[in-house]
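Computed from a prediction, not measured in an experiment: that's the story for all the values here. In the text below, chain A, chain B and the rest are named by the order of the sequence lines, each starting its count at 1.
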Amino acid sequence: MARRAAPAAVPPIAPPDPVAAADLGARLLAWYDRDRRDLPWRPRPGETPDPYAVWLSEIMLQQTTVAAVKPYYARFLARWPTVRALAAADDDAVMTEWAGLGYYARARNLLKCARVVAGEHGGRFSTTEEGLRALPGVGAYTAAAIAVICFGRRAVVVDGNVERVMARLFAVEEPMPGAKPSLRAYADSLTPSERCGDYAQAVMDLGATLCTPRSPACGLCPWRPDCRGLREGVAESLPRKVPKAERPTRRAVMFWIQRKDGALLLRQRPAKGLLGGMMELPSSPWEAALMPDPAEAVATAAPLAFHDWHAVPGLVAHTFTHFHLELSVVMARVGANPRVRGVWVPLDRLDEHALPTVMRKVIRHALTKGFRGADNALHPGDRL
DNA sequence: CATGCGTGGTC
DNA sequence: TGACCAAGCAT
């Protein structure tokens, strides 16, 4: 599939004329009506979409797969059926319910947005793209999606699927993100005024189910006869992207500190930045260096100082968007009432706290591999 | 405007 | 098996 040499300075092809665009739209909608996916947030034909439900789903679906979203969407909607209910929720409850879904700034903005809508807009979402765009966590894509799906306004919905479909349909060779304006212009040229909500979901569905990043199912595509990328044999290689920088590896020592009654010491991360507002085990700083000497890490970074640290064999590995993380774990038991910043959580109540996946991995590793005996007592200079 | 921001699935 | 990727947004 890899045809590398891009033709020299091929001018972009003109957007289709209105008649051709209408024909493409009609064929796409025919395909959509026949093969429509049944998704929990998608109203049946004729039903009126609930803007709260659509908004909630769109936030969750940002950079996140349908399969991952489904159980979270169901739990959120069951627990907070309206935007007013969500606005009244505790921050910690929302973060706990979101734990594991990732991109936690979305959850913080979700709550902010719910409180704006409930407190300042009488519990009703704006019906305009501009009004929606002003809400926390609602960007160009989400505003357009809600406006078109819920309120039938013609809006150009451009997500990663649409960009990929347009890049292939019009054989756009310019790499991302430079190609974004062209791709939006092509998407605009195809966006109809009638059934625009169905059209928006149809073109995204096309990208999600047929015009996939790898191995697109061109044989099933309603736009196959028109696809310039397919005709030129470059469809699968589009859209072009500049290779990503290599991800560095950061390392740290995590401190598993258990009180006499069995409770584990957790603390809350700062509200902004990586895993903002989520709970964590204390640790040495996450640095792009060799794994710290555990004794040194204990001496310089542990919240409490004492002697009976035990090393847990092995490492916990986790990959974030922009770096790899390797963690070793040391365990200690402390007295009945140590004075230290944080919260003490019984092991059978960890689920009640906003623990991101990386911390759940650490906990599982400690519970699985952690020794209790003196065999692996930590001595100065010990390496894990 | 380039960068920071999670996680699980896929091949 | 590790690299790539997903219905983006904020700064």
Please figure out whether A:Val138 or A:Arg247 has its closest DNA chain C nucleotide nearer the 5' end.
-> A:Arg247

Round to a whole Å and report the spacing from NE2 of A:His324 to P of B:dT7.
-> 15 Å

Give a yes or no on whether the ring-centroid distance for A:Phe320 and A:His322 is below 6.0 angstrom.
-> no

A:His322 NE2 to B:dG6 C1', straight-line distance once rounded to whole Å | 10 Å

In terms of heavy-atom contacts, A:Pro303 and A:Pro282 come closest through CG-CB, 3.6 Å

Minimum-distance nucleotide to A:Thr142 side chain [options: B:dG6, C:dG8, C:dA10] = C:dG8

Once you round it to whole Å, what is the distance between P of C:dC5 and CD of A:Glu163?
-> 13 Å

Result for 5'-nearest mapping on DNA chain C, choosing between A:Gly137 and A:Trp41, is A:Trp41

Counting side-chain heavy atoms from C-beta on, which of C:dG8, B:dG8, C:dC4 comes nearest to A:Asp159?
-> C:dG8

Do A:Val358 and A:Leu327 have side chains that get closer than 4.5 Å, going by heavy atoms?
-> yes

Taking for A:Arg214 and for A:His318 the nucleotide of DNA chain B with the nearest heavy atom, the one nearer the 5' end belongs to A:His318

Going from CE on A:Met204 to CD1 on A:Ile149, what distance comes out if it is rounded to the nearest 0.5 angstrom?
-> 5.0 Å

Ignoring backbone atoms, establish whether A:Lys241 has a side-chain N or O less than 4.0 Å from OP1 or OP2 of C:dA6.
-> yes

Base, sugar-phosphate, or nothing for A:Lys180, non-hydrogen atoms under 4.0 angstrom?
-> nothing

Which sits closer to the 5' end of DNA chain B, A:Gly102 or A:Ser215, going by the nucleotide each is nearest to?
-> A:Gly102

Heavy-atom donor-acceptor pair, A:Thr64 side-chain to C:dG8 base, under 3.5 Å = no

May I ask you to say what A:Gly100 touches in the nucleic acid, namely base, sugar-phosphate or nothing, with a heavy-atom cut-off under 4.0 Å?
-> sugar-phosphate

Does the side chain of A:Thr65 get closer than 4.0 angstrom to OP1 or OP2 of B:dG9 through an N or O atom?
-> no

Base, sugar-phosphate, or nothing: which does A:Arg164 touch, judged by heavy atoms less than 4.0 Å apart?
-> sugar-phosphate

How long is the line joining CE of A:Met176 and P of B:dT3, in whole Å?
-> 16 Å

Using a 4.0 Å heavy-atom cut-off across all strands, classify A:Trp98 as base, sugar-phosphate, or nothing.
-> nothing

Find the distance A:Tyr104:OH to B:dC5:P and express it as a whole number of Å.
-> 13 Å

Which of A:Trp41, A:Trp98, A:Tyr52, A:Trp80 passes ring pair (Phe, Tyr, Trp, His ring centres under 6.0 Å) with A:Tyr73? Answer is A:Trp41

Reckon A:Leu110 touches a base, only the sugar-phosphate, or nothing at all at heavy-atom distances under 4.0 Å?
-> nothing

For B:dG6 versus C:dT11, give the span between their P atoms, rounded off to a whole number of Å.
-> 14 Å

Which is true for A:Ala140 with a 4.0 Å heavy-atom rule: it touches a base, it touches only sugar-phosphate, or it touches nothing?
-> sugar-phosphate

Could you tell me whether A:Leu275 contacts a base, only the sugar-phosphate backbone, or nothing, with contacts defined as non-hydrogen atoms closer than 4.0 Å?
-> sugar-phosphate

Give the rounded distance in Å between these two atoms: CZ of A:Arg269 and C1' of B:dG4.
-> 13 Å

Classify the nucleic acid contact of A:Val69 as base, sugar-phosphate or nothing, counting any heavy atom under 4.0 Å across all strands shown.
-> nothing

If you take atom types as modelled and just measure distance, does the side chain of A:Thr321 reach the base of B:dG6 with a donor-acceptor pair under 3.5 Å?
-> yes

Do you reckon A:Met95 sits in the same ILVMFWY cluster as A:Leu275, going by side-chain contacts under 4.5 Å, direct or chained?
-> yes

Spacing of A:Tyr103 atom OH relative to B:dT3 atom P, expressed in whole Å = 15 Å

